[in-house]
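Notes to accompany the following structure.
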Amino acid sequence: MRKNKIAGMVTALVLAAVMLTGCGSTAGNSNASQSAQAVTSAATQTTESSASATTESAIAETAATQENATEDAAETQTGDTTAESGKTLVVYYSASGTTKRVATAIADATGADLYEITPVEPYTSDDLNWTNSSSRVSREHDDESLRDIALTEITPADWDSYDTVLIGYPIWWGIAAWPVDNFVKGNDFTGKTVIPFCTSSSSGLGDSGNLLEEMAGTGDWQEGHRFSSGASDADAADWVASLNLNE
């Protein structure tokens with residue numbers, strides 16, 4: 001539309017110049033010619049000025065559009081990063097259901113996702129009878145080569161999206177129940193905060209957290225916590241509050 005208006009102005013000015021040239025006496029032709037040249041020159045300057053202004057305006061509009069697009073892209077990227085970061089995962093192995101109960105309470109208190117470590121060959125109640133020297137758990141305790149427990153799955157879905165991982169397990173003979181070992185060995189904890197917790201009727205956390213940290217070789221491992229076998233949901237919630245995970 002702006003170009004059409006400019007073209008119209010130029011045409012009108014040129015016609016005026018032609019009319020001036022054709023009018024008047026021979027003696028006045030020189031003055032008329034000069035006037036026509038002046039009008040033509042003015043028209044040319046007007047055209048160039050208008051074209052320059054149009055070009056500058058177009059450049060400014062393009063730059064503004066690109067700037068807005070860049071800002072929108074940056075905001076979108078920031079929003080996506082915020083949505084994907086800061087997630088918490090509660091991982092647990094539970095032999096008798098006690099650790100599962102505590103882990104579930106912790107996940108509820110944190111709004112975290114929950115993931116269960118499951119052996120390919122689950123432990124039966126007879127397998128867990130540690131007072132029987134022939135039971136599975138007793139034999140595994142006596143022979144470390146038997147502690148390489150195959151799991152149904154090593155790495156949880158969306159593992160890379162979790163910044164904080166809490167790992168729960170029962171205490172077996174003063175250490176973490178060994179079905180947890182292959183989970184810890186098989187995952188990369190780089191960039192993650194890792195917090196162990198255990199359940200036990202009498203034993204404390206001991207060196208279980210430190211031993212798991214050595215197995216992992218990566219991650220920022222924090223001091224763990226021991227829950228008694230009779231721990232309540234309130235106990236789990238109080239511990240979670242002390243971690244300040246949302247700060």
Side-chain angles (χ1 to χ4, degrees), residues 86-119 122-131 135-138 140-141 147 149 151-154 156 159 162-187 189 192-216 218-247:
K87 293 177 63 177
T88 299
L89 179 68
V90 177
V91 177
Y92 71 93
Y93 168 70
S94 186
S96 62
T98 299
T99 306
K100 178 178 181 178
R101 177 172 52 79
V102 174
T104 301
I106 292 173
D108 290 342
T110 58
D113 294 332
L114 196 62
Y115 178 83
E116 181 178 8
I117 297 172
T118 55
Y123 287 79
T124 67
S125 58
D126 289 338
D127 291 337
L128 296 170
N129 184 6
W130 61 272
T131 63
S135 70
R136 175 184 175 183
V137 74
S138 293
E140 291 171 349
H141 168 259
R147 300 181 193 176
I149 308 301
L151 304 178
T152 58
E153 183 180 52
I154 296 292
W159 173 251
Y162 295 103
D163 291 343
T164 303
V165 179
L166 293 88
I167 302 180
Y169 46 84
I171 291 291
W172 288 356
W173 281 277
I175 61 177
W178 33 88
V180 176
D181 294 354
N182 278 340
F183 173 84
V184 171
K185 294 175 182 177
N187 287 297
F189 292 88
K192 301 183 189 299
T193 298
V194 189
I195 308 173
F197 65 93
C198 73
T199 57
S200 171
S201 58
S202 58
S203 301
L205 185 70
D207 289 331
S208 62
N210 295 331
L211 293 173
L212 292 177
E213 180 180 6
E214 291 177 5
M215 291 181 192
T218 56
D220 179 16
W221 288 69
Q222 304 293 309
E223 182 178 356
H225 184 77
R226 177 251 179 190
F227 291 94
S228 69
S229 298
S232 65
D233 291 356
D235 293 331
D238 288 343
W239 179 63
V240 167
S242 72
L243 298 176
N244 298 318
L245 294 178
N246 295 325
E247 292 186 357

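The structure displayed is predicted, hence computed values, not measured ones. Values reported hereafter were calculated over all heavy atoms of this structure, with side chains retained and with hydrogens, waters and symmetry mates removed. Along the sequence shown, the residues carry numbers beginning at 1.
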Is it true that the side chains of Thr98 and Ser229 contain a donor and an acceptor less than 3.5 Å apart?
-> no
Say whether Thr193 and Thr164, considering side chains only, have a donor N or O and an acceptor N or O under 3.5 Å apart.
-> no
Side-chain donor-acceptor contacts of residues 173-184 below 3.5 Å, not counting sequence neighbours, with atom names and distances?
from	atom 1	to	atom 2	distance (Å)
Trp178	NE1	Glu140	OE1	2.7
Asn182	ND2	Asp148	OD1	2.9
Asn182	ND2	Ile149	O	2.7

Mind checking the OG1-NZ spacing from Thr88 to Lys192? Nearest 0.5 Å is all I need.
-> 10.5 Å
If we ignore angles and hydrogens, is there a donor and acceptor under 3.5 Å between the side chains of Tyr169 and Ser208?
-> yes
Taking side chain as C-beta onward, heavy atoms only, is Asn187 less than 4.5 Å from Ile154?
-> yes
Can you check side-chain contact (heavy atoms from CB on, under 4.5 Å) on Val102 and Trp239, steps first, answer last?
-> CA-CA 11 Å; Val102 174; Trp239 179 63; over 6 Å; no
Closest heavy-atom contact between Asn129 and Ser138?
-> O-OG, 3.9 Å
Rounded to the nearest 0.5 Å, the SG atom of Cys198 sits from the CH2 atom of Trp172 at a distance of 13.5 Å
Validation: residues 110-117 side-chain donor-acceptor distances under 3.5 Å, sequence neighbours left out:
from	atom 1	to	atom 2	distance (Å)
Thr110	OG1	Ile106	O	2.9
Thr110	OG1	Ala107	O	3.3
Thr110	OG1	Ala112	N	3.2
Asp113	OD2	Tyr162	OH	2.5
Tyr115	OH	Glu153	O	3.3
Tyr115	OH	Glu153	OE1	3.0
Glu116	OE1	Tyr92	OH	3.3

Heavy-atom pair of closest approach, residues Pro122 and Arg136 | O-NH1, 3.4 Å
How would you list, by chain and number, every residue that makes a ring-ring contact (aromatic ring centres under 6.0 Å, His included) with Trp221, sequence neighbours excluded?
-> Phe189
Which of these, Val90, Ile167, Val240, sits in a side chain to side chain contact (heavy atoms under 4.5 Å, CB included) with Phe197?
-> Val90
Once you round to the nearest 0.5 Å, how far does CG of Leu166 lie from NE2 of His225?
-> 11.5 Å
Would you please test Asp126 and Thr124 for side chain to side chain donor-acceptor pair (under 3.5 Å) and show each step?
-> CA-CA 5 Å; Asp126 289 338; Thr124 67; 5.0 Å; no
Side chains of Tyr93 and Thr118: does their closest heavy-atom pair fall under 4.5 Å?
-> no
